[in-house]
Novice: 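Here's a structure for you.
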Amino acid sequence: MGSPACDLVLFGAMGDLASKKLFPALYQLHRVGLLADETRILALARRDLSETEARRQIGQALAEHTDHLEEDQLASFLARVAYLQLDFSKGDEYQRLREWHQNNGNGNPWIFYYATPPGLYGPITRYLAEADCCDTETRVVVEKPIGHDLASSRELNDQLAVVFREEHIYRIDHYLGKETVQNLIALRFANNLFASQWDQNHISHVEITVAESVGVEGRWAYFNSAGQLRDMVQSHVLQLLCLLAMDPPSDLSPDSIRDEKVKVLKALLPLSRQRISTHLVRGQYTAGSSDGIPVPGYLEEEDAEGSSNTETFIALKAEISNWRWAGVPFYIRTGKRLPEKRSEIIVHFKPAPHYIFDPDQEHLANNKLIIRLQPDEGMALQILTKDQGLSRGMRLRPGPLELTFAEAFEDERIPDAYERLLLEVIKGNQYLFVRRDEVEYAWRWVDQLLANCEECASHPKRYAAGTWGPVASIAMITQDGRSWYDDA
Ligand code: BG6
């Protein structure tokens with residue numbers, strides 16, 4: 001079968017993450033035969049539900065959030081699911097979990113998935129250990145955010161480390177499970193064409209855009225305590241940066257890859273007080289429109305307080321101080337309520353060293369590699385060719401060498417990130433998960449940025465929902481004689 005048998009214990013099984021992501025992903029693994037027949041799912045939640053009712057609600061969530069739902073597959077999937085009511089914050093309740101395992105035990109190893117607020121990670125871990133629910137092989141899966149800063153992430157990591165070994169802790173950054181993000185590794189290290197061009201000799205600058213059209217989606221309180229820097233940059237965006245900038249690992253083993261990513265994080269130049277004014281732009285959306293529909297501003301969202309200095313948009317210029325990347329800026333922008341959902345990376349190559357064509361065409365774009373993470377996953381390499389025809393002489397024309405995954409792999413659906421991540425946890429492969437030192441180095445960089453950023457305590461620049469952030473983010477890149485890709 002596709003994966004070894006396990007008992008997957010989901011804390012927070014009736015919550016949002018489980019309904020929208022985890023059960024749909026597990027269902028898809030079941031549907032395509034990637035779960036071993038003996039694998040079971042134990043759903044844990046506070047609600048007092050019978051097993052039948054819990055299964056019914058899970059089935060309902062699947063109907064809402066799953067494509068390819070087939071009646072017989074759904075029935076056999078739900079048959080794997082058991083339900084146990086448990087108040088996670090009460091230590092004495094964990095004996096019932098232990099009893100469940102004893103009474104239903106079939107020798108499967110346990111995997112605990114904490115789909116709960118991070119404040120519960122510490123208590124759950126302690127109570128599991130006290131109730132003797134863990135052995136030396138037990139795995140645990142935790143979601144971001146791992147802390148709010150370096151100190152709190154260390155505290156959280158310490159709490160996990162008391163019970164679980166690092167090689168059994170799976171810290172999820174769901175961007176690492178996205179098909180195209182993994183493709184970065186294939187693109188860079190399976191194609192010598194790029195490998196030999198991937199440095200400051202050949203690349204002038206890189207853009208990373210992670211744009212969302214949604215607002216804070218009912219999570220105002222959480223988001224307001226985090227902001228776009230902590231919520232998106234510290235995790236997803238820095239992971240993308242690491243995969244783009246790291247040196248070739250000697251193999252695909254988890255630690256070889258993660259060792260290289262850590263080197264990038266260590267080499268990230270701190271944003272000193274002087275640099276912040278030219279390297280960082282913070283924004284917050286005001287009322288505007290999304291897909292033509294009027295939407296409220298950040299401060300008018302459900303549960304919003306009347307005022308807040310939290311940013312919903314960040315543009316920054318990151319630099320990596322090592323031989324490979326010296327002098328190559330990485331322009332990053334990410335925000336909520338931007339005109340569209342779009343994540344992409346643009347690698348801009350330097351111009352040819354000597355130009356021989358028509359001088360009035362010298363402005364034509366240099367080579368660019370465009371990596372579209374979502375939507376419309378694919379890649380395009382912008383090259384210059386000769387314009388066709390007798391009349392045009394040696395006129396140049398820019399055009400893409402295009403690879404759209406949906407067209408190239410027509411019969412394959414693109415799996416959701418959680419499908420791959422859950423499969424790798426079950427297989428016991430950590431290469432798509434974040435190691436403790438990665439999380440901590442990422443926080444160290446974010447912490448120094450915040451410590452040096454006097455203006456972070458003041459109100460961010462405003463931008464109307466449905467626009468590309470504050471105009472200052474355009475100025476940030478144009479001051480270097482460049483422009484964001486879509487503005488070009
Ligand atoms: C989450 C953030 O980690 O990623 C959210 O907390 C964000 O704020 C989400 O909306 C974006 O993920 P995706 O996969 O939709 O790009």
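Order of listing sets the numbers, starting from 1, for every ligand and every atom in it.
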Novice: Any salt bridge (Lys or Arg N to Asp or Glu O under 4.0 Å) involving residues 300-315? Give me the pairs, sequence neighbours left out, ordered by first then second residue.
Specialist: Arg282-Glu311
Novice: Salt-bridged, Glu319 to Arg275, with N to O below 4.0 Å?
Specialist: yes
Novice: For the aromatic rings, using the six-membered ring if either is Trp, is the centroid distance between Phe313 and Trp468 under 6.0 Å?
Specialist: no
Novice: Taking only Lys NZ, Arg NE, NH1 and NH2, and the carboxylate oxygens of Asp or Glu, determine whether Glu377 and Arg372 approach each other closer than 4.0 Å.
Specialist: no
Novice: Would you call Asp149 and Arg230 a salt bridge, using N to O less than 4.0 angstrom?
Specialist: no
Novice: Could you check ligand 1 for N or O atoms lying under 3.5 Å from protein N or O atoms and list the pairs with distances?
Specialist:
| from | atom 1 | to | atom 2 | distance (Å) |
| --- | --- | --- | --- | --- |
| ligand 1 | 3 (O) | Lys144 | NZ | 2.8 |
| ligand 1 | 3 (O) | His236 | NE2 | 2.6 |
| ligand 1 | 4 (O) | His236 | NE2 | 3.3 |
| ligand 1 | 6 (O) | Lys144 | NZ | 3.0 |
| ligand 1 | 6 (O) | Arg219 | NH1 | 3.4 |
| ligand 1 | 6 (O) | Arg219 | NH2 | 3.4 |
| ligand 1 | 6 (O) | Asp231 | OD1 | 2.7 |
| ligand 1 | 6 (O) | Asp231 | OD2 | 3.2 |
| ligand 1 | 8 (O) | Arg219 | NH2 | 2.5 |
| ligand 1 | 8 (O) | Asp231 | OD2 | 2.6 |
| ligand 1 | 8 (O) | Lys336 | NZ | 2.8 |
| ligand 1 | 10 (O) | Glu212 | OE1 | 2.5 |
| ligand 1 | 10 (O) | Glu212 | OE2 | 3.3 |
| ligand 1 | 10 (O) | Lys336 | NZ | 3.3 |
| ligand 1 | 12 (O) | His174 | NE2 | 3.1 |
| ligand 1 | 14 (O) | His174 | NE2 | 2.7 |
| ligand 1 | 14 (O) | Lys178 | NZ | 2.6 |
| ligand 1 | 15 (O) | Lys341 | NZ | 2.7 |
| ligand 1 | 16 (O) | Tyr175 | OH | 2.5 |
| ligand 1 | 16 (O) | Lys341 | NZ | 3.1 |
| ligand 1 | 16 (O) | Gln374 | NE2 | 2.8 |

Novice: Under 4.0 Å between a Lys/Arg side-chain N and an Asp/Glu carboxylate O for Asp255 and Arg435?
Specialist: yes
